[in-house]
Every structure is written in structure tokens, then in C-alpha cells.
Amino acid sequence: LGNERYVDYMRDIRISGQRVVGLINDLQELTRIETGKLDLAFSNQNLNELVENCVAAMQAEANRARTIIRTSLPNDLPQVNADARSVRQIMLNLLSNSIKFTGAGGQVIVSTAVGDDRHVVLRVRDTGLGMSEKDLEAAMEPFRQLATSSRWGSGGTGLGLPLTKALAEANRARFKIRSGVNAGTLV
């Protein structure tokens with residue numbers, strides 16, 4: 001390229017382009033869900049295996065953030081009837097958010113269980129920043145970013161939680177989130 005600075009410029013352009021493509025993909029996915037045109041391939045899935053694969057995929061990011069990911073995945077968990085691709089996206093979105101807003105020395109705990117109502121439960125809990133009730137409402141609206149997002153350098157689009165909720169509901173699951181300022185978040 002003739003100049004070392006051009007390599008940095010090209011890297012910045014590539015990163016920006018990837019963010020735009022990611023935003024467009026998220027918008028398309030959200031639109032397909034809202035219009036009922038999302039094609040899901042429901043089949044029996046080993047949720048623990050999906051979770052383990054997603055944790056492995058996010059481990060390098062957690063290491064860079066100096067955040068510990070722990071799992072609690074019982075061996076006798078029944079299979080779930082779900083779309084594997086969208087469950088992976090749900091997990092990756094939740095892990096990414098938890099890692100991003102937990103910070104160095106914090107923990108992200110991923111667990112599965114059978115609830116009292118005999119439904120399989122997937123939980124992602126972090127020891128991070130947390131959100132007030134007002135912030136939580138804003139975070140669940142598409143394109144809304146919290147003031148903490150810029151402080152923590154998230155660079156996100158504000159679609160992560162709304163898309164995750166929509167994907168969960170498209171998989172006939174319930175999406176619940178609890179959070180408290182300086183008390184972390186549980187999804």
C-alpha cells in the first residue's frame with residue numbers, strides 16, 4: 001500500500017463495513033420475525049451442546065475482557081424442540097452482552113435446568129454493571145442505547161436484546177430479564 005498508515009485505515013474501513021453488514025442482518029432478521037416470515041427449522045436439540053459450542057466461540061472474547069465464563073449444565077437435561085440457528089444467535093447475543101458489560105474480574109454464569117413447570121430453562125447471569133428499571137425498558141426497545149454503552153465502548157446497534165427476545169418468542173419460549181444497578185443481569 002506504500003504507507004503503513006493505509007493498513008490501519010483499511011482495517012478501520014473493514015471493521016466499519018462489518019458493523020454495517022451486522023446491522024443490516026439484524027434488521028432483516030427482526031423484520032422477518034415481525035412479519036412472520038422467519039423460517040425456523042424446529043427439531044430436537046441438545047441445548048447443553050449448543051450452549052457449550054457458543055461458550056467455546058466466545059471464550060477468546062471473554063479472555064480479552066478478563067471475564068470468567070462458568071457453566072452449570074446437568075447431564076440429564078431433556079432435548080428441546082427449537083431452531084438451532086436462532087438458539088445459537090440468542091446465546092451469542094446474551095454472552096456478548098454479558099461479557100461486554102461485566103468487565104475485568106467479573107463472571108458470566110450460563111446454566112440450564114428443568115423448571116418447576118417441567119420446561120427447560122436457560123439462564124445467563126452476569127456480575128456486571130446491571131441496569132435500572134428505566135434503563136432496562138430502554139434496552140428492550142430497538143435502536144436504544146444506554147449511556148453506559150458508550151462509556152463501556154460497546155459500539156452496539158441497540159438491537160441485541162430486542163432481537164434476542166423476538167428470537168426466543170419465535171422459538172415458543174418465554175424471555176425474562178432482571179437487572180439491578182451494580183447487581184448484574186439475569187436473562
Side-chain angles (χ1 to χ4, degrees), residues 11 15 18-19 22 26 45-80 82-116 119-140 144-168 171 173-187:
R11 187 178 311 116
I15 289 169
Q18 288 172 330
R19 283 187 183 149
D26 287 351
Q45 302 293 328
N46 181 329
L47 184 60
N48 285 345
E49 189 175 292
L50 287 171
V51 168
E52 287 170 341
N53 291 336
C54 292
V55 167
M58 296 300 293
Q59 192 61 59
E61 186 175 328
N63 291 346
R64 280 191 298 278
R66 295 181 305 183
T67 300
I68 297 166
I69 301 178
R70 294 185 345 184
T71 59
S72 176
L73 309 172
N75 292 330
D76 60 346
L77 190 75
Q79 290 194 332
V80 295
D83 175 66
R85 184 189 60 78
S86 58
V87 171
R88 271 189 215 93
Q89 186 168 358
I90 289 166
M91 270 306 307
L92 293 172
N93 286 354
L94 293 176
L95 284 169
S96 178
N97 276 353
S98 289
I99 293 166
K100 193 182 308 179
F101 294 110
T102 294
Q107 293 186 40
V108 176
I109 301 105
V110 181
S111 62
T112 57
V114 176
D116 294 336
H119 289 101
V120 173
V121 179
L122 167 65
R123 291 184 186 97
V124 178
R125 176 188 300 268
D126 65 57
T127 60
L129 186 59
M131 296 176 274
S132 68
E133 191 64 37
K134 181 180 174 187
D135 287 341
L136 187 54
E137 286 176 25
M140 293 307 300
R144 292 283 306 268
Q145 288 188 328
L146 308 179
T148 54
S149 294
S150 60
R151 186 176 72 200
W152 282 67
S154 76
T157 60
L159 285 175
L161 284 176
L163 179 58
T164 300
K165 180 179 189 285
L167 285 171
N171 274 279
R174 287 180 293 173
F175 179 91
K176 293 182 183 179
I177 184 169
R178 284 193 330 231
S179 191
V181 176
N182 298 318
T185 301
L186 169 64
V187 181

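- From Arg70, atom CZ reaches atom CD of Gln107 across 4.5 Å, with rounding to the nearest 0.5 Å.
- With values rounded to the nearest 0.5 angstrom, Ser96 atom OG is found 11.5 Å from Gln89 atom CD.
- Val80 places none of its side-chain heavy atoms less than 4.5 Å from the side chain of His119.
- Met91 is not listed as a side-chain neighbour of Leu50, based on a closest heavy-atom distance of 4.5 Å or more.
- In this structure the side chain of Arg178 never reaches within 4.5 angstrom of the side chain of Lys176, judged on heavy atoms.
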Using the side chain to side chain contact (heavy atoms under 4.5 Å, CB included) rule, take Met58 and Leu92 through it: C-alpha gap first, then chi angles, then the decisive distance, then the call. CA-CA 7 Å; Met58 296 300 293; Leu92 293 172; 3.7 Å; yes
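- Between the CG atom of Asn93 and the OG1 atom of Thr164 there is a distance of 3.5 Å, given to the nearest 0.5 Å.
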Show every donor-acceptor pair shorter than 3.5 Å between a side-chain atom in residues 108-116 and any protein atom, with sequence neighbours excluded, or say none if there are none.
from   : atom 1 : to    : atom 2 : distance (Å)
Thr112 : OG1    : Asn48 : OD1    : 2.6

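- Smallest separation of non-hydrogen atoms from Thr185 and Ser179: OG1-OG, 2.8 Å.
- Between Leu186 and Ile177 there is no side-chain heavy-atom pair separated by less than 4.5 Å.
- Closest approach of Gly103 and Thr67 over heavy atoms only: O-OG1, 3.1 Å.
- Minimum heavy-atom separation, Val124 to Ser98: CG1-OG, 3.5 Å.
- A 4.5 Å side-chain heavy-atom check between Gln45 and Val87 finds every atom pair outside the cut-off.
- Annotation: the span from Glu52 atom CD to Glu49 atom CD amounts to 7.5 Å, rounded to 0.5 Å.
- Using modelled atom types, no side-chain atom of Asp126 and backbone atom of Thr102 make a donor-acceptor pair closer than 3.5 Å.
- Between Val55 and Leu95, the closest side-chain pair of non-hydrogen atoms falls below 4.5 Å.
- Distance check, rounded to the nearest 0.5 Å: CD1 of Ile68 to CD of Gln59 gives 10.0 Å.
- Put simply, the side chain of Leu161 reaches to within 4.5 Å of the side chain of Leu94, judged on heavy atoms.
- Without hydrogens or angle criteria, Thr127 side chain to Gly184 main chain gives no donor-acceptor distance under 3.5 Å.
- For Asn171 (side chain) and Asp83 (main-chain N/O), a donor-acceptor pair under 3.5 Å exists by modelled atom type.
- In this structure, the side chains of Val187 and Phe175 come closer than 4.5 Å at one or more pairs of heavy atoms.
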